Amino acid sequence: MEAVVFIFSLIDGCALIFLSVYFIITLSDLECDYINARSCCSKLNKWVVPKLTGHTIVPILMLISLHWFIFLLNLPVATWNIYQFIMVPSGNMGVFDPTEIHNQGQLKTHMKEAMIKLGFHLLCFFMYLYSMILALINDLTWKEMLKLGVLHYSEQLRSQK
Amino acid sequence: MSAPAGAPHPHAAASARIPPRLGAPAPAGPGPRYQNGPAQNQMQFPPGYGLHPQGYGVPSGLYSQGPGKSTPLPLESQYGTDYYSGHYTVPTQNVTLAPGPSTMNMQLGSQQVYGRGPLAPQTVGSTPGSFPGSVASSASHLHTGRPQPYSSFDNHYNSPVIPSANSSIASQGFPLTSGHYAMSTASGAVYPSVSYPSVPAGDPYGQVFTSQSTSVITQFKENSFPGQNTAISHPQQQQQQQQQQQQQQQQSPMGYNTSSWATPGLQSTQDNLTQNHIGSLATVGNPSSADSSSCPGKQNIQLPKTSSAPPTVSSGSVSARKQPTTDQATNPVVSGIQPPELLLQEGMQYGGYVNNQASSAPTPSSSTSDDEEEEEEDEEAAIDSSSTTSSASPVPNSFDVLEGGTYPGETMDTLSSSTSSPAPALSVPQATKPAKPFGYGYPTLQPGYQNVGLGSGTQPSNPAYSGFQQYAQQYPGMNQLSSSLSGLSLQHSSQQPESLRPVNLTQDRNILPVTPVLAPVPNLSSDLKKLNCNPHSFRCTLTNIPQTQALLNKAKLPLGLLLHPFRDLTQLPVITSSTIVRCRSCRTYINPFVSFIDQRRWKCNLCYRVNDVPEEFMYNPLIRSYGEPHKRPEVQNSTVEFIASSDYMLRPPQPAVYLFVLDVSHNAVEAGYLTIVCQSLLENLDKLPGDSRTRIGFITFDSTVHFYNLQEGLSQPQMLIVSDIDDIFLPTPDSLLVNLHESKELIKDLLNALPNMFTYTRETHSALGPALQAAFKLMSPTGGRVSVFQTQLPSLGAGLLQSREDPNQRSSTKVVQHLGPATDFYKKLALDCSGQQTAVDLFLLSSQYSDLASLACMSKYSAGCIYYYPSFHHTHNPSQAEKLQKDLKRYLTRKIGFEAVMRIRCTKGLSIHTFHGNFFVRSTDLLSLANINPDAGFAVQMSIEENLTDTSLVCFQTALLYTSSKGERRIRVHTLCLPVVSSLADVYAGVDVQAAICLLANMAVDRSISSSLSDARDALVNAVVDSLSAYSQTSSNSQQSALIAPTSLKLFPLYVLALLKQKAFRTGTSTRLDDRVFAMCQMKCQPLIHLMKIIHPNLYRIDKLTDEGAIHVNDRIVPQPPLQKLSAEKLTREGAFLMDAGSVIYIWIGKSCDNNFIKDVLGYPDYASVPPKLTHLPELDTLYSERTRSFLSWLIDNRPLSPVLHVIKDESPAKTDFFQHLVEDRTEAAFSYYEFLLHVQQQICK
């Protein structure tokens, strides 16, 4: 069970990493004037909700499975995302508004944010990976491990030495 | 370099030879000097010239080398110095040549040719002659000569004129001089080494001139002048003075300045200079020479300017104008005569030179059509009958002419442009006179200070000459020099009374000047000043750009630009050329502030890339010369317009397409606006800008959307009703937008019928959203302009809105909500429209809340404009009806540009942080403007990303690419150049308080929408507190108890207080939400001049108008009453006051107002009989009435949107409208000015 949670988190983390990279690429495209603000923002706004869901699911899962540390780690980020989404003024076209993205250094802020999130997701990714492996190891019985060849393989290694 | 350089070199060599002589003679003694002098002068000129060109070609390096090579003679140090001086002198002389004419006028009184026009110049010239010739003095003279602000402007412009003057001069028969002039004027351009060579030919000139005695003299004088100028430019005034004196003496002989130059004193100064610059000698010499040349040029220019300036010009200037005309007229004649001489000269000179001469001669006459520049000439031509013939043809468009408003500002522009145009190449750089800057910026400057300024200025000036930056870069020495100079200026800060003199705000009660506040002039060299962009088009909040972001942060002042790029200009150089020269890497358009490394290469002043000069650019069609790229109009004007080639089109230029979307619900019919709109349209149908392709269409809507089929051939307009507003479609896509000319009858029928078609409608709903969607569908194939007339809250279909205003909250002091849009429908629609090059203009004529905050989005992001007429009713509120009528007239007939984009570029290191205005920001520096209109203003906030330590100048360039209503693709380019400073005091010295206030207003609007109104108000107050406390920390002798501000900032608290009392930002006073939002929209999109009137209206007392200080405009005498404080204490019961608040003008009449005034001006026997609502002044045949009306019409003519006049009696209820503008007074909810100051002081002390 534990392992399933982390496997899911891992997949989710991967997706979020890809999303972050996509955000960064799109924003830098805008910065370099390869696309215009309108198409950039409509592209990004499409992914804001999926990203938000991805962000929120993990802490919920962790809360359910009582992984406090990872839950607390994810909580602020998820909260920030929800806050950002809720606080979009009624007249704006989403978190990314094409009429404002070039003002007040918003583009830079978005860029920075995307970078930080990418870093965060990478960190999370490895944590999930580690936890997953740990969970897998804990979950599996010795027999299963042997069946799977995990133990066998490591013993082989040992004997080779 | 190679080719050009080769040519110049020989000259240089020749010159070099000569110089040695000079040097030798100088020591020999006065007598010899003199003799030598004349010869030398001529000779030197050439050499100097040659050098110059070289120098230009190879910025300073060449220079220094050139001299070295050429100067071989001056082996000795003395010689060297002499030589340098010779160079110096040469340039100056060249310069002087230009001025010479003016001086000539003065001395010789050859005025006829130069005409009275030269008068101002004359004074200048005289001063120089008489004075050791501190530039400052000359400047001051200029100023004095032109007391009025306008005149000063003229000066600026005049300088541009200079070119014309030069040309005229040349034509007039100083052929020789003209040659010189051409050369000299070009001087910057000069590069035309060739021309200089001609100068040597000057000897011949001298002879020729001798025949034309006056001319020769003038040259000499001029020489002296330049010398002076140069001297001025240099810090060492005394020496200069001495030199000048010497020169003068020498001059007296015949202005053989050259000899004087030789004189040790001069040399010493020069030496100093030269030594400093040695590396950069060339540069220095160039600058100085340039300066001097420019100065003379300026003088000359002034004359021309005056001529061109006429409209705005004050009386003095007026006379000048007339004269100029005569001059010009004479010019042609002269030119005709001169040619032979020229030819002779040509014979003497190089072939290339010949070209120049030829060109110069023709230029004045302008008979031959030089394509682009001629427009400018045309403008002048308009003034001068003589030029008309030539000018008209080439000018691509009568556009400008048409546009030509009579606004003073415009006139100024026109002047500048005209000046530039006449003498395009020559004049442009010189256009802005130094005098103005000085007078304005640092009127009180002591000579030392001035000198310093000049010195620093001169360096920058180099750029004007084309190479400043280059010089600076190439010769680090230059930078140091400049920095040292700036240091000097700082040291002299105590001598900068006008901008830095501390003012104790709490004690000084009369801080408001009696004349309108003018934009400060950047502390640049005179040449650059002349070249710089008109402040009406382009202003920066800090005219001294701080070197680093840290310094900017310390100053606590906003850095930004205020733009009015599409302003109506009466004169504008229009350039048709197959290749538009731009920087290869940053795409900057070539401009007056680039530097020419040699004749074949130029260095971008924004990214510093070195670019090649295209072959075509080498030829100057204006003066028909080859190899003088710096003389091209692009390099001589900071505001130019290019006719773009097909490279600048994504599709064929669109036709002018106008679509009117009219609300015809019950509410709208009741308000009765339809009659006015249809009537105005009928009247202006033929004046709509456009060509034969112009198309027009109409949509009306209530709860359904009505289309009108106006297809040619129908017997009457056909109305098509679409009631499916959820899925709107176009009933007949082809025939709804019809050709204006083909279907004119049908259109007229419709317009006549429309007002009565819905008289009995009972439909109260308004389906604005669907109507707009239909409009978008209709317009999307072509793009164009949609004018939406709306009278209520949209209540049906997409985009429906709910009333969000709580009337009880109108006077709330706490939170003002709903300043932002309620839905993104209008924003999306606007972006769609913008993408299809369609702009939506909104006319909101409502009596109730209509959620302008949401509706305005349709215009904000599609680059439209917003008009708002609260409580509009055609009979109950006649003043609004009249306003609508006037606005519509302007709206329908004003110039328009379609499918426009605007890019703002700035020197590397600066970046744009935020944009303000109506547009869509498509990429980091590209604004997408579906339409551009002449009344649109923009603002941008800048930040300094990289330190600007390695540059002494920064430039900003806006390029507006648009399709004119005639289907031409055009690019209007404005370039602004500003100095960089490293000290906080200098930053404060250069604050443009009006620009800063306008930028702050824009920022506050953003803040109140994104955050809250109280935040914005706090931010405004903090802006004052922070900047004043930062200033008091910098000034060493700060008294804690007093509130001290530099003079440049003394109006800052007052303006901020005025801002806080604006409808947009006020709290505590009942303000309807729509009014507030509209006021915010105005702040975002009004150009600075208009916005300042809204923020801080001008108050005049008009019951005792006198002609004292009056100016002459178009043969009318316009009295200029002093400005009054906006305080009730200035109002007296016995008086009548006029308040000019931008979109509205009030005349307030006191209870015991003089009956004569009421009788003579208002046409009523006494106060009691004056009706409470009066909106017109009767045309009475009395002196008072005439004065008042001419003053009033002058005020109104100054602006695009004609304001409504309200005559208010003291007891009428309308007086609250008047009194709310008295911002210095206390209201129940807001501070008085004094209280505000105390509050600020308290905050500072905290």
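These numbers were taken from a predicted model, which means no experiment stands behind them. All values below were derived from every heavy atom in this structure, side-chain atoms included, with hydrogens, water molecules and symmetry-related copies excluded. We name chains A, B, ... by the order of the sequence lines, and we start the count at 1 in each one.
- Contact count against chain B (heavy-atom pairs under 4.5 Å) is highest for A:Thr99 among A:Thr99, A:Asp33, A:Asn36, A:Ile101.
- With rounding to the nearest 0.5 angstrom, the CZ atom of B:Arg922 is 14.5 Å from the SG atom of A:Cys40.
- Shown here is A:Leu66, whose CG atom has more than 12 heavy atoms of other residues, nucleotides or ligands within 6.0 Å.
- A 6.0 Å sphere centred on CZ of B:Arg587 holds more than 12 heavy atoms belonging to other residues, nucleotides or ligands.
- The CZ atom of A:Arg38 sits 11.0 Å away from the OG atom of B:Ser928 when rounded to the nearest 0.5 Å.
- Heavy atoms closer than 4.5 Å to chain B are found in the side chain of A:Glu100, but not in its backbone.
- Side chains of B:Leu927 and A:His102 form no contact here, defined as non-hydrogen atoms less than 4.5 Å apart.
- Within the 4.5 angstrom heavy-atom criterion, only side-chain atoms of B:Phe920, from C-beta onward, approach chain A.
- Taking both residues in full, the closest heavy atoms of B:Leu831 and A:Pro98 are given as CD1-CG, 3.6 Å, listed atom of the first, atom of the second, then distance.
- Side-chain N or O atoms of B:Asp824 include none that pairs as donor or acceptor with a backbone N or O of A:Met93 at under 3.5 Å.
- Within 6.0 Å of atom NZ in B:Lys556, 12 or fewer heavy atoms from other residues, nucleotides or ligands are found, so the atom counts as exposed in its surroundings.
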